[in-house]
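Taking it in order: structure first as structure tokens, then the write-up.
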Amino acid sequence: MSGSACSIVWFRRDLRVEDNPALAAGVRAGAVVAVFVWAPEEEGHYYPGRVSRWWLKHSLAHLGSSLRSLGTCLITKRSSDSVSSLLEIVKSTGATQLFFNHLYDPISLVRDHRAKEVLTAHGVAVRSFNADLLYEPWDVNDAQGRPFTTFSAFWERCLSMPYDPEAPLLPPKRIISGWFSLNSVLHLLISIINHCPSLNFVGLQQCDATTCHSDELVFEDESEKGSNALLARAWSPGWSNADKALTTFINGPLIEYSKNRRKADSATTSFLSPHLHFGEVSVRKVFHLVRIKQVLWANEGNKAGEESVNLFLKSIGLREFSRYLSFNHPYSHERPLLGHLKFFPWVVDEGYFKAWRQGRTGYPLVDAGMRELWATGWLHDRIRVVVSSFFVKVLQLPWRWGMKYFWDTLLDADLESDALGWQYISGTLPDGREFERIDNPQFEGYKFDPHGEYVRRWLPELARLPTDWIHHPWNAPESVLQAAGIELGSNYPLPIVGIDAAKDRLQEAVSVMWQQEAVSRAAIENGTEEGLGDSSESAPFSFPQDIQMEENVEPARNDAPATTWRYEDQMVPSMTTTLVRGIHEEASSDLRTSTEDSRAEVPRNVNIHQEPQRDSLNHGIQQTARNNNTFRQFNLPMGLGNAEDSTADSSTSSSRRERDGGVVPVWSPPASSYSEQFIGDENGIGTSSSYLPRHPQSHQIVNWRRLSQTG
DNA sequence: TGTGCATTGTG
DNA sequence: ACAATGCAC
């Protein structure tokens, strides 16, 4: 067997043995070398946060032991360049094939494309598969063959495709290890030993070091261990646990999903998102199992059950759509899909930002959510909407700051989903929310947490406040506050911004935004400029510093055993990496509590670069010729110059200070990342916009429906 | 089997 | 904020 085909199965965010097409292909082809490469520097700013790394660590261990019991082991590699690591493994194993499953985030699209090119050039046959989606993004198009821009149309199409999603594959019964022939024998031996707990030869667990050794991967540092220890009480990473979670959900809470979905505080969601993020369970399996229930309940005439299924499937659909958008608009994690928002004068206020992170905004529902997020890495979807919409609409902070904080703190942090979520909230999707609409956290509070239990759980300082006032303590009579032991402004803050003030400020900002947009458009039409750039939008990005959180002000304890959570845990670990050290030092010298209204200026003269032809992003997984006008134009994330910062053009990391001392976000991509790839592609078209058109029905200026009725 | 007000959902 | 739906009469 050993002399025959040996293939590498490259695991990434598909950490499962069941319904894993790449693994199945490897097993079918002969001997398998299973590999995981840990190269977080490739992700640039999106270095995974603490809790996400914790999950990954356990998920990998779980996968490794599954693979061992099937007859092989998981080779782990620490690397700064996945592709060269793969190449090394090819050389040391003599593998002739590489199999992996598709990912759709912009960094992976480019990296995987390169992997395909490089390995093919070395004579390796490379094949990749769909394991993450019901349908590949390029298979879902409208009647004209164009990609959808709105979710509902997209999802409608998905549900009425002429063919069903592939049926899930069973796990392999046995895997032939791709080491030299002795190894397969050795592994058989090991798996026997592993099944007998009294014989635990630690050394034998490793794969043969002379052929291909595994690196020990480090996913947490000492300071993170204590905080991470608590996570294991609530979560069990790993594909078979994911499978259990799925079964539990489908046979239990699913039928009530519709009824319970507005409760912030109950265990009625599927809790599948972190499992799905790491591919521990396949969406196709989820879909199939849910479909079975759907048929069952439809036959029984169970309306609530049917509604629940539709709603749950819709959230699966949103996950699909996030990949779809990311694929079709590779910059959707850093620039708004509707162009007008790039002219929005964001409030660059680190004090606001800090208050939001700490759960000290003075709005109980928002604060409870932010405390929960910090303590657990988890937030109910509804509460995510509440806190993020507060962030964007009331505080008017740049949405990408919030997105980055979510990325750093969420257990299920997922670039595509989070980008979709924040764009939706920010009103930058063609069918997103009205930007001008502010949701009042007080009313939302009574909607999602009618008895205040959620607030009391996470804000113990409000625990004794009666329900009548729990979502608006600032209105409570002094006597009530006193009885509850609350002194506003002292042990619980007054609202950081009043809702009425926020509405006024938002209106004003929106009119500034449209003005700027008009100016820009006129400039483009006159041909005097190539177009204006974004302010904090497509402009390079950095997170505000403020990482060494000075305070020893411990937030009030909740009743959970949270005493070992240290305050720094709430901070943003990935920003302390050397990647952005320079930014912090420069910017922190200027840190101050900003004034009420420090807004970013809209920079002028930002270079407009071309978006690559889509094919170049598809890492060869799509064969359809795209010779038409699918090119769009994009600002590149790297080296954007503008009038005030032209010297930053060639540097990979820089920041720009605003007149008020706020720091405009600056993107510093990892060297040699995808931006180069994009620059190389000159297939762009003139100056047409890369932004999506706004969907008419979501725009209040013209009411199409009414027009057609009167006509 | 209409009109008016409340409730609900909005990706 | 608004449209669509649900219910009282």
Side-chain angles (χ1 to χ4, degrees), chain A residues 134 137 140 147-159 257-264 269 273 303-304 306-308 310-326 328-329 332-333 336-338 341 379-394 399 402-403 406 414-448 450 499-500 502-504 506-507 510-511 692-710:
Chain A
L134 299 176
V140 185
F148 292 101
T149 56
T150 60
F151 170 71
S152 53
F154 163 81
W155 188 230
E156 222 167 89
R157 178 73 185 138
C158 285
L159 291 176
Y257 189 78
S258 158
K259 204 176 96 203
N260 288 329
R261 93 201 102 106
R262 36 178 45 245
K263 293 186 191 154
T269 59
S273 56
K303 280 271 182 276
E306 273 189 276
E307 206 192 325
S308 290
N310 289 336
L311 264 163
F312 179 69
L313 285 182
K314 186 177 141 189
S315 66
I316 295 292
L318 284 166
R319 180 184 175 283
E320 296 271 312
F321 191 56
S322 73
R323 271 78 180 146
Y324 187 81
L325 271 190
S326 174
N328 287 307
H329 306 276
S332 59
H333 62 303
L337 288 170
L338 289 178
L341 203 82
L379 221 44
H380 190 290
D381 180 59
R382 291 280 145 177
I383 305 301
R384 294 183 198 206
V385 171
V386 168
V387 300
S388 54
S389 124
F390 184 86
F391 185 94
V392 171
K393 310 278 180 76
V394 177
W399 62 277
M403 191 183 117
F406 268 25
D414 181 282
L415 199 53
E416 297 96 307
S417 290
D418 292 346
L420 176 64
W422 282 89
Q423 295 239 14
Y424 162 61
I425 289 306
S426 307
T428 59
L429 294 173
D431 51 355
R433 296 194 149 191
E434 283 298 306
F435 192 81
E436 290 88 339
R437 177 182 137 200
I438 287 186
D439 293 304
N440 190 326
Q442 176 185 337
F443 303 145
E444 306 251 278
Y446 286 107
K447 231 156 133 191
F448 302 132
I499 291 296
D500 290 340
K503 278 183 183 156
D504 292 347
L506 187 60
Q507 249 179 4
V510 164
S511 78
L692 293 171
R694 193 178 179 94
H695 193 66
Q697 283 183 2
S698 74
H699 204 284
Q700 295 310 303
I701 291 170
V702 181
N703 186 329
W704 295 97
R705 191 159 301 203
R706 198 163 285 162
L707 280 179
S708 64
Q709 271 169 4
T710 54

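In what follows, chains are A, B, ... by sequence order, proteins preceding strands, each numbered from 1. Excluded from the calculations below are hydrogen atoms, water molecules and symmetry mates; all remaining heavy atoms, backbone and side chain alike, are included. Small disclaimer: the values here were computed from a predicted structure and weren't measured.
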Distance, rounded to the nearest Å, where A/Glu307 contributes CD and C/dT5 contributes P: 13 Å
Aromatic centroids of A/Phe391 and A/Trp422 separated by under 6.0 Å: yes
Rounded distance in Å - CG (A/Leu311) to P (B/dG9): 9 Å
A/Asp414/A/Arg323 salt bridge by N-O under 4.0 Å criterion: yes
Nearest-Å distance for atom pair CG/C1', residues A/Asp431 and B/dT10: 10 Å
Nearest-Å distance for atom pair CZ/C1', residues A/Phe151 and B/dT10: 12 Å
Whole-Å gap separating P (B/dT7) and OH (A/Tyr446): 17 Å
Sugar-phosphate only, base, or nothing, as touched by A/Asn440 at under 4.0 Å among non-hydrogen atoms: nothing
Non-neighbouring partners of A/Phe312 that pass ring-ring contact (aromatic ring centres under 6.0 Å, His included), sequence neighbours left out: A/Phe249, A/Tyr257
Those residues that, when tested against A/Lys303, pass salt bridge (Lys or Arg N to Asp or Glu O under 4.0 Å) (two or more places apart): none
Between C1' of C/dC2 and CD of A/Glu436, the distance in whole Å: 13 Å
Plane angle bin for A/Tyr324 and A/Phe321 - parallel if under 30°, tilted between 30 and 60°, otherwise perpendicular: parallel
Polar contact flag, side-chain donor to acceptor under 3.5 angstrom, A/Ser258-A/Glu307: yes
Interface residues of residues 314-322 of chain A with DNA chain B (non-hydrogen, below 4.0 angstrom): A/Lys314, A/Leu318
B/dG11 base stacked by A/Tyr424 (centroids within less than 5.5 Å, tilt under 30°): yes
Spacing of A/Leu337 atom CG relative to B/dG11 atom C1', expressed in whole Å: 13 Å
Distance in angstrom units between A/Phe443 CZ and B/dG9 C1', rounded: 18 Å
